[in-house]
Amino acid sequence: MAKMNLLQAVNNALDIAMAANERVVCFGEDVGVFGGVFRATSHLQEKYGRARCFNTPLVEQGIIGFANGLASQGSVAVAEIQFADYIFPAFDQIVNEAAKFRYRSGNLFNVGGLTIRTPYGGGIAGGHYHSQSPEAYFAHTPGLKVVVPRNPHQAKGLLLASIRDANPVIFFEPKRIYRASVGEVPEEDYELPLGKAEVVREGSDITLLAWGAQMEYLELAAELADKEGISCELIDLRTILPWDVETVAASVKKTGRLLISHEAPITGGFAGEIATTIQEQCFLHLESPIARVAGLDVPYPLALEKEYIPDQWKIFEAIKSSVNF
Amino acid sequence: MAKMNLLQAVNNALDIAMAANERVVCFGEDVGVFGGVFRATSHLQEKYGRARCFNTPLVEQGIIGFANGLASQGSVAVAEIQFADYIFPAFDQIVNEAAKFRYRSGNLFNVGGLTIRTPYGGGIAGGHYHSQSPEAYFAHTPGLKVVVPRNPHQAKGLLLASIRDANPVIFFEPKRIYRASVGEVPEEDYELPLGKAEVVREGSDITLLAWGAQMEYLELAAELADKEGISCELIDLRTILPWDVETVAASVKKTGRLLISHEAPITGGFAGEIATTIQEQCFLHLESPIARVAGLDVPYPLALEKEYIPDQWKIFEAIKSSVNF
Amino acid sequence: MNTDTKDRTIYKPQFIRGDALKIPTYRVLKQDGSLYKNAQAPEVDQPLALRIYSSMVRTRMLDERGLASQRQGRLSFYMQSTGEEATTVGFAAALDDQDMIMTQYREQGALVYRGFTLDEFMNQLFSNALDYGKGRQMPIHYGSEKLHFMTISSTLATQLPQATGYAYGQKLAGEGHCTVAVFGEGAASEGDFHAALNMAAVLKVPAIFLCRNNGYAISTPASEQFAGDGIAPRGIGYGMHTIRVDGNDILAVLEATRQARKIAVEQNEPVLIEAMSYRLAAHSSSDDPSGYRSNAEEAKWRDLDPLLRMKNWLLQQGWWSEEEDKALFEADRQAVMAAMKKAEKVGRPHIDEMITDVYDIPPAHLQQQLQDLKAHIRLYPEVYPKSALQLDAPEGVNRG
Amino acid sequence: MNTDTKDRTIYKPQFIRGDALKIPTYRVLKQDGSLYKNAQAPEVDQPLALRIYSSMVRTRMLDERGLASQRQGRLSFYMQSTGEEATTVGFAAALDDQDMIMTQYREQGALVYRGFTLDEFMNQLFSNALDYGKGRQMPIHYGSEKLHFMTISSTLATQLPQATGYAYGQKLAGEGHCTVAVFGEGAASEGDFHAALNMAAVLKVPAIFLCRNNGYAISTPASEQFAGDGIAPRGIGYGMHTIRVDGNDILAVLEATRQARKIAVEQNEPVLIEAMSYRLAAHSSSDDPSGYRSNAEEAKWRDLDPLLRMKNWLLQQGWWSEEEDKALFEADRQAVMAAMKKAEKVGRPHIDEMITDVYDIPPAHLQQQLQDLKAHIRLYPEVYPKSALQLDAPEGVNRG
Ligand SMILES: Cc1ncc(C[n+]2csc(CCOP(=O)(O)OP(=O)(O)O)c2C)c(N)n1
Ligand SMILES: Cc1ncc(C[n+]2csc(CCOP(=O)(O)OP(=O)(O)O)c2C)c(N)n1
Ligand SMILES: [Mg+2]
Ligand SMILES: [Mg+2]
């Protein structure tokens, strides 16, 4: 075990993946010599050479188009999009191409070797274009997997699993806690399962569900609730698509209540999908409406960021409302 | 009043908009001399000249980028994307630019004059890339309005309102019923309100909600249900964003049941948003789980299209399940 | 900066005009089958010449019958490549059969040349259970793993950056293969075109970008698509080896592509080829060109028919006769019709194929959705008669 | 087809090499302030020269103080334009003040030239209630409707097709204005660049595309951004008037842009200008260039300082003295610091601005969300102290 922050865990996972399989190739804007603007790819070019870790020209649609082609050829393509806010020029290559590659060819060709890494989320004074959480856009797209880790240990295991998964994966990295989240991480090669949520804390009164950086607020809110005698069960969804209905439904059947929190604007966010599925599966168990604590329906603001964030206080209030319904 | 099909109604609305305001400009791939591949812009170049109705080069991101600039200059830009399946290369210009233009500039600049028209939906043997219903992707984007008409009368009134609305609007045209949907349409200039759903049929046992071409299946299903003595209230949402919570909630409070249908894949579709909001607002009124009848979570298939479609039989079965819950 | 401006300084503000760079067209073969005075025929022996020519003829017959059966309502959709066969067959003939081909949709000639059988064509066109694509895409979206022909996607130009990536993988693999990406002059307006060519030049990949400049993108003439001298000068802008060829001249296309391949594979440098031709047919079976272009214009190009040109050359070589020619056309026409009849009789893909290949393994929610769908079909067998019949049958034999 | 290939035929397959088209650089002014032998100074009188120079100096001082206060923790972020002032001020000086300017983010020089006040700069940088952008975007995302300067967006190259559209609107309006879009050589790799320039050429719009080729895109050197001779040859590919200028040469930039504007406005034809310069500072306050380039390289370019070059020219003209120069720098430094202090004291945008401007009128759901937020803030005033104070105050006075 070693103490690592989330960035180091990502870097370590990439290092291990590249060492274990020479077909793994990492690329993106400033990913080469510089090691990425967050330094997630530090030293990889030094270690594995320019052919396997390199800068691309500044063109996201090209990066993902290139990655699709490279993956279809049989290489393992790990593409970085510098900020999740800049993934949209590549939307067509992701949604129309990567997601449909295997299906449309009847499995003659596939881009299972593709992983897209990208830092997402706010709380870093990034304004509209360095703060977005676009996971829901991709979660409406059959053929993709969407993964978000909450801490260094999860990041390493989930990223290694994503790189090796036989399907295209978008791996969203919570940049607010890139350095702040520090923890023990096994030094060896390990994978955590995709498509499986994790119950990180058991409780009996209400189920709290989130992913990525938002898990921190959930935990703080659960502590606040604890003090009021409300017992919260905490679930980290980890994989947004395909998501683990079973684990969530089992928890809600037990607690009778569900609160989902994400940073993205509330309307059309992925909480809607979860809530709808759960109200269907757990209708007779629900003691109060499923609650959402999410971003407002506005572009991510700068000066009013603190007010925008679905923080522990908002979650705590929603917990109380749900329990007192 | 005149008998028109949906395409003619669209063409008529564009004609009226261009005649009434010389700053209205229509453009897109093949929209000039040819009048668009579906002929929605027929004769507009003849009538209003090449400067106001013209072909663009084949580049969707350019078409919408151009449209954003043109609208920010004060023109009224009506851009056509040939198929909604091809709107994704323009995703960044829509989601990062059009949607945030006013907010990010503190209202110094805006692209309120922008309307994007695009044919959407399946049922025409179009396979993956001539069948998609991508409305949910845009409905997760504050700053946009998203509108879908169900018939010629609605198409004309909603399109005129969209063109004149002071916000960027994506106007999805149900191409399956472009020619099949025929009805009386007032010849004069009129607008129908954005952001307002329409109760198209009153009923007491269950509320059925959809938009666009899917309304046809809803009506057929309601007739089937009628024969079994189930009284359905039918609502056409018309505007997906911002949507009319009030009308839907009022209906559900009356009927106690809600079924939502859309053609897009179920996971992450807009039904999830509606259901979640309604379970919150109508929790104590709901007599059964809110039901969704939607596309499967697969790319739109060709040979198995009939099986894929959320048709009246699937809706009818879901109605019965809901009523018998 | 790799722009060393030292010794190229001007002291007056001279703008370079857009038409400063005129790219000439490489031609070998005249329409009458003779060579241009200064031209030299590439090395082509009789078997290769006949393989090429018969592929062009078969492509023509495929297209003739394809459209006819669309008109008869047997096919839902078809796209002809008439007039462009010298380009689409010619480039394929210049390649190693292991080189990857990624096309737009009007390049059936290349597939014919590679040996895609009529049955394989027809299974795709009829979306039957034997279609490698499992009936999921519209007609003409062919693909063949064994022939190194990437399954076609309708979204224009997306294959171009993919070709750059594929070629990069080939370079890493070091087995001496290249990728050829083919696209229309309309598709060259897409952002993906720019991304692909620039990245290919910077990352030095063994890729050939072959633009079929056939004058139209559906109804949009090239004059409303770009203002410069076609697509070729853009290659120079990217710092890429570039050539323009007469796309109706089989020998020019063949030789240009051969040399392009040599550059790509030996130097790991991409090449841009612009093949000038004309889309003689409608854009697709859904299109009617009479609304946007004249018969006279079409007639002018019909006179430049690439099949005729090659036939004339073959005749002059003494490798071919009018009788053989007639017989070949007729035999191919019959063969195409026979294959059609056969494919029409094959059942359609199994309902289980609705959810396979979305992921490597169908996840739980998709299995549930399929199960629900099947339960529904059991309730309404008359609404979904074809799949109702399949419910209890084993999954179809449709893997290629 | 507008590619008439008739009289330009070749009979041997000659590939044109990527370096076939070398575009020279237009220069007027040497570093010592004298003109090149064959060069001619554009018409510039003393007042204009001093307006230009003082804008360059102010830009330099803004950048110096901007970075310093980021280092002090007063600003969250800053981007310097050091080394590129001749380009960013020079192009603005060549325009009509009504022409629209759409920039990337490193063009504060143009805004200074147009008369954006230090207070206006500071209000944006400090995201205070007087910021026209209502504190919604990161520092340096300026905009001014009255100065015809489009609010900056962080997403690279998106302003380019927008400039094409804006210019199209100007052409329709027929008032003789044009649009200038400025972007980096890195941004020129984006698909939007291709879309913008091709559409501009085809639709014949009065737009000037000005590329600041400063050698780097964050850490990525131009050599890993493109393989050709910079950005200029692409203009030729699009059939567009094109020129390359020494971006550190104020007179060359001024004259090239003046003539470009003439072409744009009089002929309704777009123009591409590539200005060769160097990003002397770090990419932004978050960047440290020592990881990817050498001090020696930086030093070489520091010797080509465009301010110094212009000052030398002014001195030679007898329009300026070292004393005046020192005084100007010092006065500007003081003025910037004073404006900063002032802006820091202005309160932040009102909480109500959270939901305005998403739409023209806040729809019901946004009003509800704001109401809920305010109710929450009332519960936890200590968590959101600044907005808690605003709850009962009237909305701020922050419209420009
Ligand atoms: C991204 C995208 N936009 C639009 C279309 C619709 N479309 C299909 S073919 C076509 C014209 C293509 O013209 P060109 O590239 O010149 O090829 P050609 O048909 O002439 O062979 C268009 C606009 C599409 N398939 N994909
Ligand atoms: C679409 C997009 N992708 C990536 C970024 C992140 N980014 C910001 S600036 C920059 C480099 C831009 O370089 P260049 O265009 O050369 O301008 P310069 O900084 O040299 O002035 C990058 C990659 C972005 N802002 N937008
Ligand atoms: Mg074409
Ligand atoms: Mg740069």
Side-chain angles (χ1 to χ4, degrees), chain C residues 1-3 5 8-28 36 38-40 189-195 198 201-202 213 215 221-230 233-244 252 255-256 259 263 271 276, chain D residues 1-3 5 8-28 36 38-40 189-195 198 201-202 213 215 221-230 233-244 252 255-256 259 263 271 276:
Chain C
M1 248 179 298
N2 54 1
T3 299
T5 57
R8 286 176 290 119
T9 296
I10 51 174
Y11 304 102
K12 297 228 160 63
Q14 279 154 347
F15 288 80
I16 305 185
R17 292 200 27 134
D19 53 9
L21 184 69
K22 285 255 160 85
I23 304 222
T25 306
Y26 167 48
R27 298 172 201 274
V28 174
Y36 283 97
N38 304 310
Q40 203 189 331
S189 292
E190 291 282 6
D192 273 1
F193 163 89
H194 178 60
N198 188 45
V202 175
N213 185 338
S223 60
E224 296 179 28
Q225 195 67 247
F226 49 74
D229 174 36
R234 298 184 192 167
I236 314 302
Y238 297 120
M240 193 180 286
H241 306 268
T242 299
I243 194 168
R244 172 175 283 149
E255 182 60 16
Q259 297 208 17
I263 295 171
V271 182
M276 309 306 292
Chain D
M1 249 179 300
N2 55 1
T3 300
T5 57
R8 287 176 290 120
T9 295
I10 50 173
Y11 305 102
K12 296 226 163 65
Q14 281 154 346
F15 287 79
I16 305 185
R17 291 199 28 133
D19 53 9
L21 184 69
K22 284 255 160 89
I23 304 219
T25 306
Y26 168 49
R27 299 171 199 274
V28 175
Y36 283 97
N38 304 309
Q40 203 189 330
S189 293
E190 291 281 7
D192 272 2
F193 164 88
H194 178 60
N198 187 44
V202 175
N213 185 339
S223 60
E224 296 179 28
Q225 196 66 247
F226 48 75
D229 174 35
R234 298 184 192 167
I236 314 302
Y238 297 121
M240 192 180 285
H241 307 267
T242 300
I243 194 167
R244 171 176 283 149
E255 181 61 15
Q259 297 208 17
I263 294 171
V271 183
M276 309 307 292

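Order of the sequence lines fixes the chain letters, A, B, ..., with proteins taken first and strands second; residue numbering starts at 1 for each chain.
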Item to complete: Could you grab the distance from atom CD1 of Ile10(D) to atom CZ of Arg244(C), nearest 0.5 Å is fine?
Response: 10.0 Å
Worksheet entry | Nearest-0.5 Å distance, CZ of residue Arg27(C) to OH of residue Tyr11(D) | 7.5 Å
Item to complete: With the side chain counted from C-beta on, respond yes when Arg17(D) and His241(C) share a heavy-atom pair under 4.5 Å apart, and no when they do not.
Response: yes
Item to complete: Hey, can you tell me if His194(C) and His194(D) have their rings parallel, tilted or perpendicular (30° and 60° cut-offs)?
Response: parallel
Response to the item:
Looking only at Met240(C), Glu255(C), Gln40(C), the option with the highest number of non-hydrogen pairs under 4.5 Å against chain D is Met240(C)
Worksheet item: Relative to chain C, which segment of Gln259(D) carries a heavy atom at a distance below 4.5 Å: side chain, backbone, both, or neither?
Response: both
Discussion item. Any heavy-atom pair between the side chains of Pro13(C) and Val28(D) that's under 4.5 Å?
Written reply: no
Worksheet item: Has the side chain of Asn198(C) got a donor or acceptor atom that lies under 3.5 Å from a matching backbone atom of Gln225(D)?
Response: yes
Worksheet item: What pair of heavy atoms forms the shortest contact from Pro233(C) to Gly237(D), and how long is it?
Response: CB-CA, 3.9 Å
Discussion item. What's the separation between atom CD1 in Ile236(D) and atom CD1 in Ile236(C), rounded to the nearest 0.5 Å?
Written reply: 12.0 Å
Worksheet item: If every non-hydrogen atom of Ala227(D) is compared with every non-hydrogen atom of Val202(C), which pair is closest and at what distance?
Response: N-CG2, 3.7 Å
Practice prompt. With the side chain counted from C-beta on, respond yes when Phe15(D) and Ile263(C) share a heavy-atom pair under 4.5 Å apart, and no when they do not.
Written response: yes
Worksheet item: What pair of heavy atoms forms the shortest contact from Asp229(D) to Arg8(C), and how long is it?
Response: OD2-NH1, 4.0 Å
